[in-house]
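These numbers were taken from a predicted model, which means no experiment stands behind them.
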Amino acid sequence: MRDARSLANLMLLPSGLILVAFFLLPVSYFFVVSFWRVRSYKLQADATLDQYVEVFTGYWVPLLYTFAVALAIALAVTLIAFGFAFYCRFRAGRYGMPLLFLALLTLFGGYLTKIYTWKTILGAEGILNSALMLTGLTDAPITAFLFNPVAVVITLAHYTLPIAILPIFGSLRGIDEVPLDAARDLGAGPCRSFRDVVLPQAWPGLVTAFALTFLFAAGDYVTPMLVGGPNTSMIGVFIQSQFGHRVDAPLGSAMSFTVIALSLAVILGFAGTTRYFTRVR
Amino acid sequence: MNRMIERMQRHGIVKLGRSGIVRLRGSGGITRRQFTKGALAAGVATSLLGGRSARAAAEVKFMGWQGYEEGLATGDVLAKNDISINPTYMNDNNQLIATATGGGMGNMDIITPDTSYTPMMAGIGMLEPLDMSRVPNFSNLFPEFQTINGTSLDGTQYSLPYVWGSIPLMYNPAVVTETPTSWLDLLKPEYKGKVALTNDVISVMIPFAMAATGTKTPTRITQPELDATIDLLIEIKKNHARTIASGYGELADLFASGEVAIAQAWEPVAIWALDKGAKLDWVVPKEGTHTLCDCLALVTDAPDVDASYILLNHGLTAEAQAHVANINNTGVTVASAVPLLTERARGIYPYDDIPGFFSKTGGGPFPLWPMEREGDIVSMDDMLNGWERFLKA
Amino acid sequence: MGSRIEMGAPRAGRTAAVRAASPLVLLAGVGKSYGAMTAVEPLDLAVGHGEFLAILGPSGCGKTTLLKMIGGFLAPSTGTIRIGGADVTRLGPERRPTNMVFQGYGLFPHMTVAQNVAYGLRLQKRPAGEVAERVAEALRLGALEGFDARPVTALSGGQQQRVAVARALVMRPKVLLLDEPLAALDLKLRKAMQEELRRIHRSIGGTFIFVTHDQEEAMGLASRIVVMERGCIVQDGTPEEIYAEPKTRFVSGFIGEANMLPGRRERGLVRVNGSLCFPDPGPDGPITLMLRPEAARVATGESPVVGIDSLALRGQVRDIVFLGAVTRYAIAIEGGTLLHVTDSDSELRRRLEVGVPVTVHWPQRSHRVIAEA
C-alpha cells in the first residue's frame, strides 16, 4: 500500500516538476516583481504597492471596459452554450452527438481566420449588408455592425462557444434521465424539474464554461483590435505594451495580477450567484 | 556584459512594427504560398543531394523581414560561391536586439535593421563595423542613400540601405474626390467614420507630431508638443476613425472592403488593395512624414564573414534590389535596379526625384526619440506614455 | 382435479369480487404502438384496492410500456385509463394519483435522503411541519431512520431502493408503481427487500403494481400475476394458479422449471413419447405435457410400486446434482429425452448413481396437458 502510493507519487513527479518549473516559478517571479519598481529602465527590488496604485488610477478605464466586455461575452456564451448542449443532450435524440460534433468542428480553423470571417460578414460590403440592401431593407450599408463593442462580443462569442459547450455538455451527459421522470412523477412540471434536477447538476459545467469564456475574453486583445473600432482598448494591449515597448515588468506584472485577481472574483461571484439560484430548497 | 544588457534594456524598447500582428507580405498575396513552396523545394533539394547544400562551403545565417533574403539569393551568387542561406524571420527591430544579445552574436551573420536602430545597435556593440572595401557595390546606391542618416556611427559605416518606403496619406479617390494636402484633412467632417490609423507607433507619431506642431524634428519635441500630438490623435480616434488597423495588411483589407476611405498608410498597401479591387491614391502631406529604410548589417562575431560580405555586396546589385522590390512592392536603393522593376513596382516610388521626395517628407529617416530626456526634449518613454494615453482614450 | 380447484378457488373468487365491485385501476382497450411496431396490443386490465400485482414477462414483452402508460409517462395509442373512477388517459405523471419506484431508482443525486423524500411534498407546498412529519414517517417505514442528512450517493443499493420507495410512498399514492424494483440488487439483498416490500404493503395496505422479468420475484411478492408475452396478457391469476395451471407452453416454461414432452391427442386419448398413453378429454391435435420436476418421483427396481392413477416412464440416470434441500436427477427416458426430477429423499440419493435404470412416475393430476394452438 505504502509502496503503491510512493510509486504513484514518483510517477507524478515529472509533471509536478514541469508545473513548478514552467508555471509556478515564473508566475511567482512576476508576482514578486509586481512589487518592484523600474528606475531608468532597470529593475530594482522593492516592496511597493505603487504599481497597483498605478493600475487602478491610470488604467481603470481599460480595466473596466475589459471586464464589461468579458462579462457580456461570458454570460451570453454560457447561456447559448447551455441551450445548445441541452438541446443536444435531451431533445435532439440520435442527432445530438452529430450536432455536437458539428459544433466542435468549428474549433478547427484559426483564431484570426474567424475574426476575418466576422469582418467579412459584418462589414460595409459584407454579407449582412449586401443581403439587407439586396432585399431593399436598407439602401445604404449599415456601418454600425462592425467596429464597435458589439462586434467584439459577437466575434469572441462565436470563437468561445464550442469551448463553452464542451464542459456543459459533459455535465449534462452525466445527468441520468430517470430522476427527471421521477421529478415529474412527484408533481414537478417541466420548468420545476429543469430547475430542481437539471440545473443543480449542470452547475459545475456552467461555472467551468463561464470561467473558460470569461478568462479567454478578458485576456484577449486581438479581437477588439481587429473588429472593435477605435475606442476598444482592452487591458491586454497595455500589459503587452508594458512588457514589450516599455520594459516595465513591475507595472505589467501588477496589471496581470490585478486582472487575475479580479477575474477570480468575477468567476467566484458567478459561481456563488448561480449556486444560490440552483440550491436545493 | 551586465552593462551591455543594461544598455540593451535601456535601448531595446521600441517596436517598429510596420506589420503589427499581421506581417505584411502575407497580406500582399504573394508570399506565404511562395515561401512554403520554397521551403519545400529546399527541403527536397537537401534530401536529394544528400545534404549537399547544407554542406556548402558556407552557410549564412540570416535574420530579417520575410522576403528580404530572396534578393540575396538572386542569380548564381550562391552556386558560384558555394553559399547557402539559412533564414529566420523577424517581427520587429527589438527582436534583433534580443536575439543578438541573447546568445546570437557568434551565431548570426546578416540582419536587416532599420536605419533609426542602426546607431543604437552599433552603440551596444552588436554590429560589426563594415569594411567598405569589400562592398564595392555601395557606389551603386543613389547618392541620397549613400549619405542617409543612421547607417553610420562616429563616421564608421554599420549598415547598408537595402529597402525603403514612406508613410503617406492614402485615400480612395472614388470617395475622397478632393486631393488631400494635409494630415489634418483627416478631420474633415465629410470623412467622418471613413478614417483609419494603424497601431504602428513610430509611423503614426512622426507624421502627426509634424501635423500637430509644425515641427521639422518630430522625434525631438517638447512635452507640450507631445501633448498636442496625442490630443490630435485622440480627436481623430474619438470622432473620425472607423478603426485602428492592427497592421498594414489589415488596412489594405479595410480599404478594399470600403470600410475606410482615407488613412495613414504605407505604399505597398495601395498595391495590395488594388489586388483586392480598390484603386487608391496617396500623397505626402505638406507637413511631411516618416521615411523608413531597412538596411543590411553584419552581426558582431559573425561566423561566416567572407560569405556574408559576398552577400552584402550582392544585395546592392541591380538584380537583387529589383527582385526584392518586385515581390515586396518596396523601394530600391540602387539606381541601376530601376529599369529592372516591373511597371507596377516602378510606379510606386519617385525614382526620378529622390532628393525632392525627401525634402517633401521632411529630410529622410529621423533618428529615434532620445533614450533619456534631453532638457525639454521628451524621451522615448515619454512618447510611449503619450501613445498609451491615446490608446486608453 | 378437485384439490386443484380448492387451492385456487378462494383467492380467485375474492379477486373477482373485488374487480367487480370497484376496480381502482381500469384499463380499457389500452394499447401502444410506434408506427408499425406494436409494443402493447390493446388490452383490458382491472386492478382492485389493496392488490399487489406483478406484471411478469421477458424483456421486450411490453410490460414496462404498460406500467409507464399507467404512470402517465407514455400516452397510450388506444384505449382509456381510469384510476379511482377518473379518466387519467391524457394526464401527465405529475397529475396522476400514482407514484413510481423507478428501475435504477432515479434518486436526485444532488440531494440528501430527506431532501429526496421531501421533494414531492415541497412541490405541493405543504407546511414545513407536515413535511417533516411525513418524511420522518416514510423514512421509518423504509427503515431509514438516521439517514436523513446522508447524500443518497453515499448509500448502498438496498438503501437507495428503500429511499426510492419512501420517496414514492410519502406522496400517499392511490397506486404505487414499481419498475423492476429489485433488479439491481444482489440475490441476498433481493430476498431481504422482497420481505421489506411485503411488510410495507401489509402495513399500509396500499395498491402496488410492479413489473418484473423474474418469476421468482413475482411469485414471492405478488398476490396476483399478469403474464405478458409479445404485447399481450397471456395469463392472469394468483401465483398458485399460474404455477399449477399454466395456460400456455410459454407460461409454463416461464414460470418455474418444467419438463415439456410433445405428444398428440386423438379422440380423448393422449399419447406421449410413444409408450405413454392416457385419457384426457379435449380437442384433437398436438399437445405438450408439462410436468414440474418436484411433481414426479423416481423409483428403482424391476417392478416399482406406483399409484393407481399414476403414469410412469422408464429411463436411466444421467446426472445427479445435489442442491441442498433437494437433489436433482436428470433421467434419459426412452427416445433419449431428458426429464428433470427433484427429490428431497436422502435414502433415494444414496441408492442412485449415474447409469442406474429407474422409473419416473407421477400422479395424473400433477401434470398439465396444454393444447398447442
Side-chain angles (χ1 to χ4, degrees), chain A residues 78 82 85-86 89-96 167-211 268 270-281, chain C residues 64 67-68 70-74 91-126 128 131 138 149 151-153 160 163-173 175-180 184:
Chain A
T78 307
F82 182 82
F86 185 84
R89 167 67 181 84
F90 289 108
R91 295 279 181 272
R94 65 203 165 95
Y95 298 108
I168 297 180
F169 185 80
S171 66
L172 289 182
R173 195 170 55 175
I175 298 179
D176 190 0
E177 281 175 64
V178 181
L180 289 172
D181 277 347
R184 283 193 74 193
D185 188 56
L186 294 167
C191 290
R192 273 314 287 259
S193 64
F194 173 78
R195 188 202 147 300
D196 292 341
V197 182
V198 177
L199 272 188
Q201 295 188 73
W203 181 77
L206 281 172
V207 172
T208 311
F210 178 86
L268 287 178
F270 177 84
T273 315
T274 47
R275 192 72 185 143
Y276 177 80
F277 284 111
T278 59
R279 75 193 190 280
V280 176
R281 266 173 269 200
Chain C
T64 297
L67 191 76
K68 286 190 167 171
I70 298 172
F73 295 98
L74 287 174
L91 300 185
E94 66 273 22
R95 296 170 62 196
R96 290 196 186 191
T98 56
N99 283 105
M100 182 160 329
V101 175
F102 292 84
Q103 187 169 12
Y105 320 133
L107 298 181
F108 306 126
H110 56 293
M111 296 187 192
T112 63
V113 170
Q115 283 168 339
N116 262 278
V117 176
Y119 183 72
L121 296 175
R122 292 261 162 80
L123 286 178
Q124 292 179 347
K125 300 209 189 327
R126 301 273 173 185
V131 172
V152 289
T153 44
Q160 291 190 4
V163 175
V165 172
R167 186 179 65 176
L169 284 178
V170 80
M171 304 304 291
R172 296 181 182 157
V175 186
L176 180 71
L177 308 172
L178 304 100
D179 187 3
E180 300 272 7

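Around the CZ atom of A/Arg275, the shell of radius 6.0 Å holds more than 12 heavy atoms that belong to other residues, nucleotides or ligands. Atom CZ of C/Arg95 has 12 or fewer neighbouring heavy atoms from other residues, nucleotides or ligands inside a 6.0 Å radius.
Looking only at distances, a side-chain donor or acceptor of C/His110 sits under 3.5 Å from a matching main-chain atom of A/Asp196.
Only the backbone of C/Leu107 comes within less than 4.5 Å of a heavy atom in chain A; its side chain stays farther off. When heavy atoms are compared at a cutoff of 4.5 Å, C/Met171 approaches chain A solely by way of its side chain, counted from C-beta outward. C/Gln103 touches chain A through its backbone: at least one of N, CA, C or O sits under 4.5 Å from a heavy atom, while the side chain does not. Using a 4.5 Å cut-off between heavy atoms, C/Arg96 does not touch chain A at all.
Side chains of A/Val178 and C/Tyr105 form no contact here, defined as non-hydrogen atoms less than 4.5 Å apart. The side-chain heavy atoms of A/Asp185 and C/Glu94, taken from C-beta on, include no pair separated by under 4.5 Å. A/Leu186 has its side chain within reach of C/Phe108: a pair of non-hydrogen atoms, C-beta onward, lies under 4.5 Å apart.
Most heavy-atom pairs under 4.5 Å with chain C, from the set A/Asp181, A/Ile175, A/Val197, A/Asp176: that is A/Asp181. Of all the listed residues (C/Gly106, C/Ala168, C/Ala164), the one sharing the greatest number of non-hydrogen pairs under 4.5 Å with chain A is C/Gly106. Most heavy-atom pairs under 4.5 Å with chain C, from the set A/Gly187, A/Pro200, A/Gly189: that is A/Gly187.
Expressed to the nearest 0.5 Å, how far CZ of C/Phe102 lies from CD of A/Glu177 amounts to 12.0 Å.
In terms of heavy-atom proximity, A/Arg184 sits nearest to C/Gly92 at NH2-CA, 4.1 Å. Taking each heavy atom of C/Pro109 and A/Pro179 in turn, the nearest pair found is CD-CG, 4.5 Å.
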